[in-house]
There are 4 protein chains.
Amino acid sequence: MEFSKNKSIYMQIADYFYGNILLEKWKVDEKVPSVRQLAVDLEVNPNTVMRTYTHLQDKNIIYNQRGIGFFVSNEAQSIVKDLVKEQFTTDELPEIFKTMEMLGMDMQEISDYYNNWKSNLKN
Amino acid sequence: MEFSKNKSIYMQIADYFYGNILLEKWKVDEKVPSVRQLAVDLEVNPNTVMRTYTHLQDKNIIYNQRGIGFFVSNEAQSIVKDLVKEQFTTDELPEIFKTMEMLGMDMQEISDYYNNWKSNLKN
Amino acid sequence: MEFSKNKSIYMQIADYFYGNILLEKWKVDEKVPSVRQLAVDLEVNPNTVMRTYTHLQDKNIIYNQRGIGFFVSNEAQSIVKDLVKEQFTTDELPEIFKTMEMLGMDMQEISDYYNNWKSNLKN
Amino acid sequence: MEFSKNKSIYMQIADYFYGNILLEKWKVDEKVPSVRQLAVDLEVNPNTVMRTYTHLQDKNIIYNQRGIGFFVSNEAQSIVKDLVKEQFTTDELPEIFKTMEMLGMDMQEISDYYNNWKSNLKN
DNA sequence: GTGGTCTAGACCACC
DNA sequence: GTGGTCTAGACCACA
């Protein structure tokens, strides 16, 4: 996994969790990777992973069983969905729309980029 | 002008310049507000404005005439357009698309949000 | 380190970096002093050092690892060499030559000064 | 006349005077251009020229006859020569030598640049 | 009037 | 611990 410079690493790790939960790759009560293991896999400081986990736990997206690990909570799906959608529609989309105006782009162009992006994913 | 807390103030001031240049409110060789004046208008510290100006000057978007002020450079339009478009297509759009996938949204929904946003602007 | 008053402090700190990089005292990917530490060592305000670092980062001479520090970039050597040589040959040397003409000095005299300067360095 | 960005304009105008005096294009008691005229010729603000003249007058290089103009003083030659030589040997040359060391250049290379520069002047 | 630099001190996010 | 941003206030050189 590569990290963008525009966003903090621990939030990008959270994004990775959001994806896995929303797309149901990780189900309710399933164990998520250990802090240490994930830190090794992602080549980041364990503190950084821990920060993500603390953050997700605060939001009741994962829960902890002492000595065993972290697990996906019951409400994870709905919490994440609300969270992501909220931020998407109130922060990110308006930002995009403003930039579109500045660049004089219309929805069709965005749509083209989208199709392009999707076809690139397959390869 | 209100500042979002997600982004540094000096970069939001830069964004303000980008808009004015792209939409040709400010033309080539036109004088831009003085550091002190803009600081007063935006209610920020002059150092913060100075930081924006230094940044824009480094990117050859504005130039300085000693003792007189800053002016929009010849290539400002094209430099800004490249800059903004580059970041938009390589950073922001993919981010949006990823989130769309996660949320299971399609282009039609985005388009609806867009039209909604545009009609809100008019009011 | 003493600072000349003809040049801004933050640029003199940059010169110090140029020297260390060109003479390979600092190698690629080596960590450079932290902003705070260097500020203490040089007895200047951290903001002043920060200004140098931002400048060098913009020029891709150093890069940042979040929360860890600044490091010498791959291309640092060649960038600095180009930078310094460019300025030396197009700005400083012509200036010197013009003054030599005005003073009626020839290359031999300059050479004498040079040898003199070098022998003073040793003591 | 073109002005370098590295030096203040009024000092570059002073340099122009130094050259004319040292190379005896302007002799003792000869009238120098009026402030207004020179400002027009050089396309600078009259204040800037005035600043040069004040500076030169302070150093007894030119003197003023009220209502008539400025004139080259008796001691102009020797004063300028001392002034320029002093700055040249204590400020500029050491600076050059330091840069030479950093770039690993020797006197021969400088000499080559010098010959090159002189032959370019003729064209 | 203009920009340019610097200090002092603070607060924050991040690793 | 690291950098990043911002404020307040000052002083200077320059046009």
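All chains are named by letter (A, B, ...) in the order of the sequence lines, taking the proteins before the strands, and each is independently numbered beginning at 1.
- Distance, C/His55 NE2 to F/dG3 P: 18 Å, rounded to whole Å.
- Picking from F/dA15, E/dG4, F/dG4 the nucleotide with the shortest atom distance to the side chain of B/Met50 gives E/dG4.
- Distances shown here put every side-chain N or O of B/Arg66 at or beyond 4.0 Å from the OP1 or OP2 atom of E/dG3.
- Within 6.0 Å of the CD atom in D/Gln65, the count of heavy atoms belonging to other residues, nucleotides or ligands exceeds 12.
- If you find the closest nucleotide of DNA chain F to C/Gly69 and to B/Val44, the one lying nearer the 5' end belongs to C/Gly69.
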Q: Walk me through it: do B/Leu38 and B/Phe17 pass the test side-chain contact (heavy atoms from CB on, under 4.5 Å)?
A: CA-CA 12 Å; B/Leu38 193 55; B/Phe17 271 67; 3.8 Å; yes
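- Remark: C1' of E/dA8 and CG of C/Asn47 are 9 Å apart, rounded to the nearest angstrom.
- Note: D/Trp26 and D/Tyr16 have perpendicular aromatic rings, judged against thresholds of 30 and 60 degrees for the angle between ring planes.
- In this structure, B/Tyr53 and A/Tyr10 both approach DNA chain E, and ranking their closest nucleotides by distance from the 5' end singles out B/Tyr53.
- Where pairing requires Watson-Crick or G-U contacts shorter than 3.5 Å, the helical stems of DNA chain F with at least three consecutive pairs are E:1-14 with F:1-14.
- Atom CG of B/Leu56 and atom P of E/dG4 are 12 Å apart (whole Å).
- If you take CG of B/Leu38 and C1' of E/dT2, they are 14 Å apart, rounded to a whole angstrom.
- For the pair B/Gln57 and C/Pro46, nearest-nucleotide mapping onto DNA chain E gives the more 5' position to B/Gln57.
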Q: Evaluate the criterion side-chain contact (heavy atoms from CB on, under 4.5 Å) for residue pair C/Tyr10 and C/Val49; output intermediate values, then yes/no.
A: CA-CA 6 Å; C/Tyr10 88 92; C/Val49 175; over 6 Å; no
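- Using a 30° and 60° split on the angle between ring planes, B/Phe71 and B/Tyr63 fall in the parallel class, below 30°.
- Checked against E/dC6, F/dC14, E/dC14, the side chain of A/Ser8 finds its nearest nucleotide in E/dC14.
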Q.
Run C/Lys31 and C/Phe70 through side-chain contact (heavy atoms from CB on, under 4.5 Å) and show every step you take.
A. CA-CA 6 Å; C/Lys31 188 175 182 297; C/Phe70 284 94; over 6 Å; no
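- If you measure from atom CG of C/Leu42 to atom P of E/dT7, you get 10 Å, rounded to the nearest angstrom.
- Closest contact between the side chain of C/Val35 and the listed nucleotides F/dG3, F/dA15, E/dG3 involves F/dG3.
- Look at B/Thr48 and you won't find any side-chain N or O under 4.0 angstrom from OP1 or OP2 of F/dT5.
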Q: Under the side-chain contact (heavy atoms from CB on, under 4.5 Å) rule, what do D/Asp15 and C/Glu95 come out as? Steps first, then yes or no, please.
A: CA-CA 10 Å; D/Asp15 286 343; C/Glu95 198 63 23; 4.1 Å; yes
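- Residue D/Arg51 has its side chain nearest to F/dA13 when only F/dA13, E/dC6, E/dG4 are considered.
- Nucleic acid contact class of B/Asn45 (heavy atoms, under 4.0 Å, all strands): base.
- One atom, CZ of C/Phe3, and another, C1' of E/dT7, lie 14 Å apart when rounded to the nearest Å.
- When each of E/dG4, F/dG3, E/dC15 is scored by its nearest atom to the side-chain atoms of C/Arg36, the top-ranked nucleotide is F/dG3.
- Checking E/dC6, F/dA15, F/dG3 against the side-chain heavy atoms of B/Ile68 singles out F/dA15 as nearest.
- Residues C/Asn64 and D/Met11 both approach DNA chain F. Their nearest nucleotides, taken by heavy-atom distance, put C/Asn64 toward the 5′ side.
- Which of E/dC6, E/dT2, F/dG3 sits closest to the side chain of C/Ser34 comes down to F/dG3.
- Rounded to an integer number of Å, the gap from D/Lys7 NZ to E/dG4 C1' is 19 Å.
- Distance from the side chain of D/Ile9 is smallest for F/dA15 among the nucleotides E/dT7, F/dA15, F/dT7.
- Spacing between atom NZ of D/Lys5 and atom C1' of F/dA13 amounts to 18 Å, rounded to whole angstrom units.
- Under 3.5 Å, the side chains of D/Tyr53 and D/Asp58 contain no donor-acceptor pair of N or O atoms.
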